[in-house]
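Working notes, beginning with the structure itself.
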Amino acid sequence: VLALALSCGLAAAQNAKPIKLMVGFPPGGGTDAIARLLAEKLKEPLGANVIVENKAGAGGQIAAQALKAAPADGTVLFLSHDHTISILPQVVKNPGFNPAQDFTPVAGFATFVNGLAVSGGTPAKSFNEYVAWVKTQGSKGSVGIPAPASTPEFLVKVVGDKFKLDLVSAPYRGSAPMMADMLGNQIAAGVGSVPDFIENHKARSEERRV
């Protein structure tokens, strides 16, 4: 789930100042893509330029800390999802922010469905084939995830337990670098948002047709 938040305090943006829309992940991922579309659409109703700023690292924790430290004047927004706002405060002893006290929710925008995809270097063409292939590798495998302690990491654990596989999560700083390693066959599989996988699948299909 993607949502906008701002630092607690004055909610009205000052039109003379540009508005900063922070994203806790690198450019090229699903959250970043939505942020750039949103920034363009917000310019007219807010009467100000909206600038996307990527503050990647620690699963959005760095961006959330930056939002807490930002002036509470409505000129700094944070586009985040449930990982940063809901999961991190539960699994990190001191994340550096308290969503309920430090942030004001503004709006929800999208719901992401997570899925597992395999790189072109694996013979698997379906989930069942992937499970069977991992078993031929000694039931061990590494699965890329966009961030540590994220929903994808828990899903990797669930899949491993259910099918008796020794799957290890390999955390990345966002989905874009994970996708790059999957496209380069540096990692056999990854768990992330389905829209990210679909766009890369389309791109690879176009390359094959050329």
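In this chain, numbering begins with 1 at the start of the sequence shown.
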Set of side-chain hydrogen bond (donor to acceptor under 3.5 Å, both in side chains) partners for K68, sequence neighbours left out: none
For K135, enumerate each residue passing the salt bridge (charged side-chain N to carboxylate O under 4.0 Å, His left out) test, keeping only those at least two apart in sequence or located in another chain. none
Can you confirm whether F97 sits close enough to L67 that some side-chain heavy atom of one is under 4.5 Å from a side-chain heavy atom of the other? no
Plane angle bin for F25 and H83 - parallel if under 30°, tilted between 30 and 60°, otherwise perpendicular: tilted
Shortest non-hydrogen contact from P99 to I85? CG-O, 3.4 Å
Going hydrophobic residue to hydrophobic residue with side-chain gaps under 4.5 angstrom, can you get from L116 over to F197? no
What verdict does the side chain to side chain contact (heavy atoms under 4.5 Å, CB included) test give for T151 and H81, after you've listed the backbone C-alpha separation in whole Å, the side-chain angles of each residue and the deciding distance to 0.1 Å? CA-CA 10 Å; T151 299; H81 46 61; over 6 Å; no
If you measure only the distance, is there a donor-acceptor pair under 3.5 Å linking the side chains of N128 and S126? no
Just wondering, do I145 and V156 contact through their side chains at under 4.5 Å, heavy atoms? yes
Could you list the donor-acceptor pairs under 3.5 angstrom formed by side chains in residues 164-182, with sequence neighbours left out?
| from | atom 1 | to | atom 2 | distance (Å) |
| --- | --- | --- | --- | --- |
| Y172 | OH | D181 | OD2 | 2.8 |
| R173 | NH2 | A56 | O | 2.8 |
| S175 | OG | D196 | OD2 | 3.0 |

Applying side-chain hydrogen bond (donor to acceptor under 3.5 Å, both in side chains) to N98 and not counting sequence neighbours gives none
Quick note, salt bridge (charged side-chain N to carboxylate O under 4.0 Å, His left out) partners involving residues 43-61, not counting sequence neighbours, are K20-E53, E40-K43, E53-K55
Gap separating the CG atom of D102 from the CD atom of Q65, nearest 0.5 angstrom: 10.5 Å
In short, F103 meets A64 closest at the heavy-atom pair CZ-O, 3.3 Å
Evaluate the side chain to side chain contact (heavy atoms under 4.5 Å, CB included) criterion for residues L38 and F109: first the C-alpha distance (whole Å), next the side-chain angles of each, then the deciding distance (0.1 Å), finally the verdict. CA-CA 9 Å; L38 184 62; F109 285 93; 3.3 Å; yes
If Ile, Leu, Val, Met, Phe, Trp and Tyr residues are connected whenever their side-chain heavy atoms lie under 4.5 Å apart, and connections chain through other members, are V191 and I187 in the same group? no
Give every residue pair that meets the salt bridge (charged side-chain N to carboxylate O under 4.0 Å, His left out) criterion with at least one member in residues 24-36, sequence neighbours excluded. D32-R36
Can you sort out the partners of K157 under salt bridge (charged side-chain N to carboxylate O under 4.0 Å, His left out), two or more places apart, ordered by chain and number? D161
Please give the remaining members of the hydrophobic cluster of I87, linking ILVMFWY side chains under 4.5 Å, ordered by chain and number. L88, V91, V92, F154
Residue from T31, T84, V106 passing side chain to side chain contact (heavy atoms under 4.5 Å, CB included) with L79: T31
To check you understand the geometry: which heavy-atom pair defines the closest contact between V134 and G141, and what is its length? CG1-N, 4.5 Å
Using the benzene-type ring in the case of Trp, are the ring centres of F163 and F127 under 6.0 Å apart? yes
If we ignore hydrogens and angles and just use 3.5 Å, is the side chain of Q61 paired with the main-chain N or O of P95 as donor and acceptor? yes
Find out if a path of hydrophobic residues (ILVMFWY) with successive side-chain heavy-atom gaps under 4.5 Å connects V194 to L155. no
Students should find that the hydrophobic cluster of L37, defined by side-chain heavy atoms under 4.5 Å apart, otherwise consists of none
How far apart are the closest heavy atoms of P152 and N114, and which atoms are they? CG-OD1, 4.0 Å
Are L21 and L46 co-members of a hydrophobic cluster defined by side-chain heavy atoms under 4.5 Å apart? yes
Sequence neighbours excluded, the answer for side-chain hydrogen bond (donor to acceptor under 3.5 Å, both in side chains) partners of E129 is none
G120 versus N185, closest heavy-atom pair with distance: N-OD1, 3.4 Å
Can V143 be reached from L183 by stepping across I, L, V, M, F, W or Y side chains whose heavy atoms are under 4.5 Å apart? no
Cluster membership besides I51, Ile/Leu/Val/Met/Phe/Trp/Tyr side chains within less than 4.5 angstrom, sorted by chain and number, is none
Taking side-chain hydrogen bond (donor to acceptor under 3.5 Å, both in side chains) as the definition, give me every residue that meets it alongside Y130, ordered by chain and number, with sequence neighbours left out. none
